Amino acid sequence: MSHPNKPNIVLILADNLGWGELGCYGGGALRGAPTPRIDSFAREGLLLQNFNVESDCVPTRSAIMTGRHPIRTGCRQSVPPGFPQGLTSFEKTLPEVLRDAGYVSAHHGKWHLGDIPGRYPSDRGFEEWYGIPRTTDETQFPTALGFSTDVAELGYVMKGKAGQESENVCVYDLDQRRSIDKTLVDCTKDWLSRKVAAQQPFFLYHPLVHLHFPTLPHEDFKGKTGQGDFADSMVEMDYRVGEILDHIDELGIRDNTIVIFASDNGPEFRPPYRGTAGPWTGTYHTAMEGSLRVPFIIRWPGKVPEGVSSNEIVHCTDLFTSIIAMAGAQVPTDRPIDGVDQTDFFRNPVGTKSTRQGFLFISRTS
């Protein structure tokens, strides 16, 4: 069933993907890691050269989920494991707003906005979730010399459903690090199939684990490029995005599905997983352009023109406001919203300008 006034929405967010990594941004094969699926996807829609985020995982994800600068939401920097920090309870999240407009939502991937009951994705508007509540650094803990669970918690892959307690699935170790992006795509394909069969308009948030360090490819991709684990992981990431796009086509919902692909911040700086921001200086954790300017592609058949690129400024808070507008939902009016609606610009990027000329960035302090 088609919902012309309720397009399906898929948001795929890469982790620590620099501006210069993908072929469509000047990387790809030149980096030893071809990205043909994402490059082809970019030709089917609008590619932004000046999409900007926060300098770290947590604040960007908070900004996308709330449309508000992270200093407002309790997510200006990091979320200590097991503590009551994270996205503040009074925030109205994107899936909660969309739910009021008749959408169902799922989260498959990395959350990093709270890891205690009441702050998991299934507590914040998502019908169901599967993935990691925190981050991928933790996969190194079990094999680290001197590691003790008396000092630090083990990380877990988790799952949950709205109205139920989230539960641990397995320890998030290096073996799980290699396989998790495949598992997440399997979860997404299953959920999409169920929602389409139920004729429900949906919002899918699929925050990939690649390319966060340790950047380790699935065994099927290990050695594929001959350029090491990082390049192999790039190729796998491209393949996983392609799997989601193919499934959308197989379900027959391409024409009424908005697909957005972006990154949460600039590239990793630690060797051997160091990425590149192309011509921009800096990596994530900095206030430099290489940290804040990242890839962004949107495809909306018949609404967003194909094969267009733009250097107009768009900010990650704008995703909240724009997705709500595209879904025909209502932006909350009981709090300041920092994101602006970019729908008109997305639909006519040649004839119109972005609705912003700059963005606020509050650098962390030591």
Side-chain angles (χ1 to χ4, degrees), residues 1 3 6-13 58 61-62 64-68 73-75 79-135 153-172 176 180 183-207 209 244 251 319-320 323-324 327-332 334-335:
M1 178 179 178
H3 299 268
K6 293 183 183 297
N8 304 310
I9 302 158
V10 175
L11 173 58
I12 305 171
L13 193 70
V58 169
R61 292 158 198 268
S62 167
I64 291 172
M65 284 295 107
T66 66
R68 285 154 52 84
T73 66
C75 291
V79 180
F83 284 80
Q85 284 94 334
L87 194 61
T88 49
S89 59
F90 57 77
E91 292 297 337
K92 187 83 167 177
T93 67
L94 182 53
E96 288 171 335
V97 175
L98 294 176
R99 183 177 60 197
D100 294 341
Y103 279 74
V104 290
S105 301
H107 173 292
H108 300 137
K110 171 182 171 178
W111 177 236
H112 219 181
L113 293 176
D115 67 335
I116 60 171
R119 301 209 182 210
Y120 293 120
S122 50
D123 302 316
R124 304 312 304 267
F126 289 100
E127 175 190 61
E128 63 181 64
W129 79 287
Y130 186 103
I132 55 174
R134 298 195 292 262
T135 188
E153 295 181 3
L154 285 171
Y156 284 87
V157 177
M158 298 185 68
K159 66 178 180 179
K161 293 184 177 181
Q164 302 177 19
E165 290 187 9
S166 293
E167 59 187 67
N168 294 337
V169 175
C170 60
V171 172
Y172 189 37
Q176 284 296 318
I180 190 166
T183 303
L184 295 174
V185 168
D186 290 343
C187 289
T188 276
K189 291 167 67 175
D190 173 68
W191 187 81
L192 289 176
S193 296
R194 286 187 278 124
K195 296 308 111 179
V196 171
Q199 300 183 348
Q200 293 178 288
F202 60 79
F203 168 58
L204 168 69
Y205 179 40
H206 189 107
V209 171
I244 296 173
L251 292 171
L319 287 185
F320 176 87
I323 288 174
I324 289 172
Q330 298 297 315
V331 174
D334 61 343
R335 66 201 67 202

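Keep in mind that this is a model prediction, so the values were computed, not measured. Numbers here are sequence positions counted from 1.
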Student check: side-chain heavy atoms of [X] and [Y] closer than 4.5 Å:
X	Y	result
Val196	Phe202	yes
Lys161	Ser122	no
Lys159	Cys187	no
Arg61	Pro207	yes
Tyr205	Ile9	no
Thr93	Val97	no
Glu167	Met158	no
Trp191	His108	yes

Using 0.5 Å steps for rounding, measure from the [atom1] atom of [X] to the [atom2] atom of [Y].
X	Y	atom1	atom2	result
Phe203	Tyr103	CZ	OH	10.5 Å
Leu87	His112	CG	NE2	13.0 Å
Ile180	Cys170	CD1	SG	7.5 Å
Trp129	Ser166	CH2	OG	5.5 Å
Ile323	Ile64	CD1	CD1	8.0 Å
Ile244	Ile12	CD1	CD1	4.0 Å

Sorted by first residue and then second, give each salt bridge (charged side-chain N to carboxylate O under 4.0 Å, His left out) pair with at least one member in residues 191-205; sequence neighbours left out.
Glu127-Lys195, Glu128-Arg194, Asp190-Arg194
How far apart are the C-alpha atoms of Tyr130 and Leu184, what are their side-chain angles, what is the distance that settles it, and do they pass the side chain to side chain contact (heavy atoms under 4.5 Å, CB included) test?
CA-CA 7 Å; Tyr130 186 103; Leu184 295 174; 3.9 Å; yes
Ring centers of Trp111, Tyr120 separated by less than 6.0 Å
no
Do we see a donor-acceptor contact under 3.5 Å between the side chains of Thr135 and Lys110?
yes
Over all atoms of both residues, closest heavy-atom pair of [X] and [Y]:
X	Y	value
Leu98	Ile324	CD2-CA, 4.4 Å
Asn8	Gln200	OD1-O, 4.1 Å
Pro201	Gly102	CG-O, 3.6 Å
Asp123	Glu96	O-OE2, 4.3 Å
Arg124	Ser89	NH2-O, 3.6 Å

Donor-acceptor contact below 3.5 Å, side chain [X] vs main chain [Y]:
X	Y	answer
Ser62	Val58	no
Arg134	Leu113	no
Lys6	Ala101	yes
Thr66	Arg68	yes

Please name all residues satisfying salt bridge (charged side-chain N to carboxylate O under 4.0 Å, His left out) with Lys189, sequence neighbours left out, ordered by chain then number.
none
Derivation of the side chain to side chain contact (heavy atoms under 4.5 Å, CB included) call for Phe126 and Leu94
CA-CA 9 Å; Phe126 289 100; Leu94 182 53; over 6 Å; no
Take Arg335 and Lys92 through the test side chain to side chain contact (heavy atoms under 4.5 Å, CB included) and record every step on the way to the result.
CA-CA 9 Å; Arg335 66 201 67 202; Lys92 187 83 167 177; 3.9 Å; yes
